[in-house]
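Structure record follows, encoded as structure tokens.
One is the number of the first residue; the rest follow in order along the sequence. When a ligand or atom number is given, it counts from 1 through the structure's own listing order.
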Amino acid sequence: MAVAAAASKADGQLDRRALGRALSRIANTSVEEALDGMRETAGGASRIGITGPPGAGKSTLIGRLARQRLDSGAAVAVVAIDPTSPHTHGAILGDRIRMDGVADDPRLFIRSLASRGANDGLADNIADVLATLDGYPFDEVILETVGVGQAEYAVRALVDTLVLVLIPESGDQVQAMKAGTLEMADIYVVNKADLPGAERIASEIRAVARLRRRLTSDWEPPVIMTAADRPDDIAALHDAISRHLAFARASRNIDEVRRLRREYHVKSLLMRTVTDILAENPRAVDCSPREAFELVVARLRERRR
Ligand SMILES: Nc1nc2c(ncn2[C@@H]2O[C@H](COP(=O)(O)OP(=O)(O)OP(=O)(O)O)[C@@H](O)[C@H]2O)c(=O)[nH]1
Ligand SMILES: [Mg+2]
């Protein structure tokens with residue numbers, strides 16, 4: 001089983017203060033410093049992405065899920081990317097999880113990141129953060145991201161199992177998403193299933209899931225209806241995640257996975273650098289795109305000397 005196989009990691013002592021310091025350093029570091037401090041580690045935790053529209057109940061679900069995964073023996077890190085665009089509902093993740101009484105568990109680590117800079121809805125240093133976590137004895141990293149659209153493409157490359165959380169009001173979104181993002185998820189959740197309309201949206205998603213099965217014929221993404229206060233629902237999601245992690249571990253090409261993650265990492269480091277260069281040279285774009293491009297490339301070269 002996914003969790004049992006990795007359970008030995010939970011025995012390793014988690015140096016929370018060292019990890020906290022390392023993550024704070026990353027938040028304030030330049031790309032050059034990030035590169036200098038980077039070590040590639042073998043292994044690394046299983047990564048579970050939980051994504052969906054604002055206010056879908058992702059944090060609440062993660063709080064419940066974390067409890068189950070800790071109980072099954074895993075040491076768990078939760079990273080939540082808070083969108084900078086303001087929306088008012090919901091407490092911050094830490095508070096929500098604390099309410100569930102899991103935050104005191106020594107095998108749980110929680111960190112929120114501002115979704116600064118990145119053009120894909122994630123945080124521009126998320127790859128650095130995940131690489132840092134790989135150096136600590138976690139069995140699993142749960143990544144919460146907001147969004148329906150751009151963010152899913154990015155997060156897909158970074159996680160082993162992608163859970164898409166929708167709610168009964170997401171009907172129009174399901175229609176709009178059919179072409180792309182919806183097909184990327186490994187597990188669908190219709191959350192707030194205590195509200196009316198949950199069954200209708202679940203059957204719409206099932207139709208998409210069946211289509212995907214016809215295309216790939218390996219994993220049939222389950223559609224799970226959940227309500228935060230129904231423990232059986234959370235258990236069903238927990239089991240589906242464990243099954244998918246085991247499936248992914250058995251079927252994926254680990255070298256290819258690493259290559260894709262490295263590609264994402266390099267691209268995000270480059271994007272940060274180019275963004276810095278443009279910020280330092282605001283007049284750089286007062287010319288043709290070609291001239292602006294040449295200027296940025298020249299500045300990039302200077303930085304590497
Ligand atoms: N009816 C109902 N409400 C829920 C359920 N789960 C969460 N909520 C409520 O939905 C609101 C948003 O919950 P969050 O867990 O903060 O949602 P989120 O998706 O993490 O929100 P953002 O991170 O802000 O995008 C809160 O008021 C929750 O109490 C549920 O199963 N049923
Ligand atoms: Mg949240």
Side-chain angles (χ1 to χ4, degrees), residues 47-69 76-103 108-116 118 120-123 126 129 140-152 154-155 158-159 161-174 176-177 181-182 184-185 187-202 205 222-238 240-241:
R47 294 183 189 164
I48 303 156
I50 310 277
T51 190
K58 301 177 293 297
S59 299
T60 312
L61 214 47
I62 289 171
R64 307 282 199 275
L65 205 53
R67 175 75 273 152
Q68 293 245 334
R69 304 209 69 82
V76 179
V78 176
V79 179
I81 301 182
D82 288 334
T84 36
S85 64
H87 49 96
T88 49
H89 43 249
I92 63 163
L93 181 87
D95 289 344
R96 195 167 295 286
I97 287 190
R98 215 164 288 128
M99 282 188 338
D100 286 336
V102 284
L108 179 70
F109 182 89
I110 304 168
R111 184 50 83 106
S112 295
L113 297 177
S115 72
R116 54 169 212 186
D120 57 15
L122 302 185
I126 184 64
V129 169
E140 299 183 351
V141 174
I142 302 177
L143 178 63
E144 176 183 341
T145 59
V146 175
V148 172
Q150 208 46 46
E152 277 78 353
V155 90
L158 295 174
V159 302
T161 295
L162 182 60
V163 180
L164 178 59
V165 181
L166 295 162
I167 46 177
E169 299 98 86
S170 308
D172 293 344
Q173 278 163 351
V174 171
M177 281 189 299
T181 52
L182 203 54
M184 252 180 296
I187 296 167
Y188 301 99
V189 169
V190 178
N191 196 32
K192 306 195 185 183
D194 50 305
L195 301 179
E199 184 48 60
R200 192 177 59 79
I201 188 165
I205 297 168
V223 181
I224 300 167
M225 298 211 280
T226 56
D229 54 5
R230 300 202 300 231
D232 289 354
D233 296 354
I234 309 297
L237 176 57
H238 167 74
I241 289 173

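No salt bridge links Arg47 with Glu140; every basic N to acidic carboxylate O contact stays at or beyond 4.0 Å.
Applying the side-chain contact (heavy atoms from CB on, under 4.5 Å) test to Ala198 and every residue at least two apart in sequence or in another chain returns Pro168, Val190, Ala193, Met225.
Closest of all the heavy-atom pairs between Ala66 and Leu108 is CB-CD1, 4.3 Å.
Close contacts between ligand 1 and Ala228 involve ligand atoms 6 (N), 30 (C), 31 (O) [criterion: under 4.0 Å to a heavy atom]. Listed by number with element, the atoms of ligand 1 under 4.0 Å from a non-hydrogen atom of Asp194 are 1 (N), 2 (C), 30 (C), 31 (O), 32 (N). Contact atoms of ligand 1 toward Thr60: 7 (C), 13 (O), 14 (P), 15 (O) (distance under 4.0 Å to a heavy atom of the residue).
Within Glu144, the N/O/S atom positioned nearest the Mg ion (ligand 2) carries the name OE2.
Two residues are said to be in side-chain contact when any heavy atoms from C-beta on lie closer than 4.5 Å; Val189 and Leu164 fail this criterion. The shortest side-chain heavy-atom distance between Val155 and Leu143 falls under the 4.5 Å cut-off. A heavy-atom distance below 4.5 Å is found between the side chains of Ile81 and Ile126.
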side-chain contact (heavy atoms from CB on, under 4.5 Å) between Val79 and Ile142, intermediate numbers included: CA-CA 6 Å; Val79 179; Ile142 302 177; over 6 Å; no
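Distances shorter than 4.0 angstrom occur between a heavy atom of Glu144 and an atom of ligand 1.
The shortest N or O to N or O distance between Ala193 and ligand 1 is not under 3.5 Å. Of the N or O atoms in Pro54, none lie within a sub-3.5 Å distance of an N or O in ligand 1. Between Ala227 and ligand 1, a contact under 3.5 Å exists for no N or O pair.
When heavy-atom distances to ligand 1 are checked against a 4.0 Å cut-off, Val146 comes that close only through its side chain, counted from C-beta outward.
Look at Ser59 and the Mg ion (ligand 2): an N/O/S atom of the residue is under 2.8 Å from the metal.
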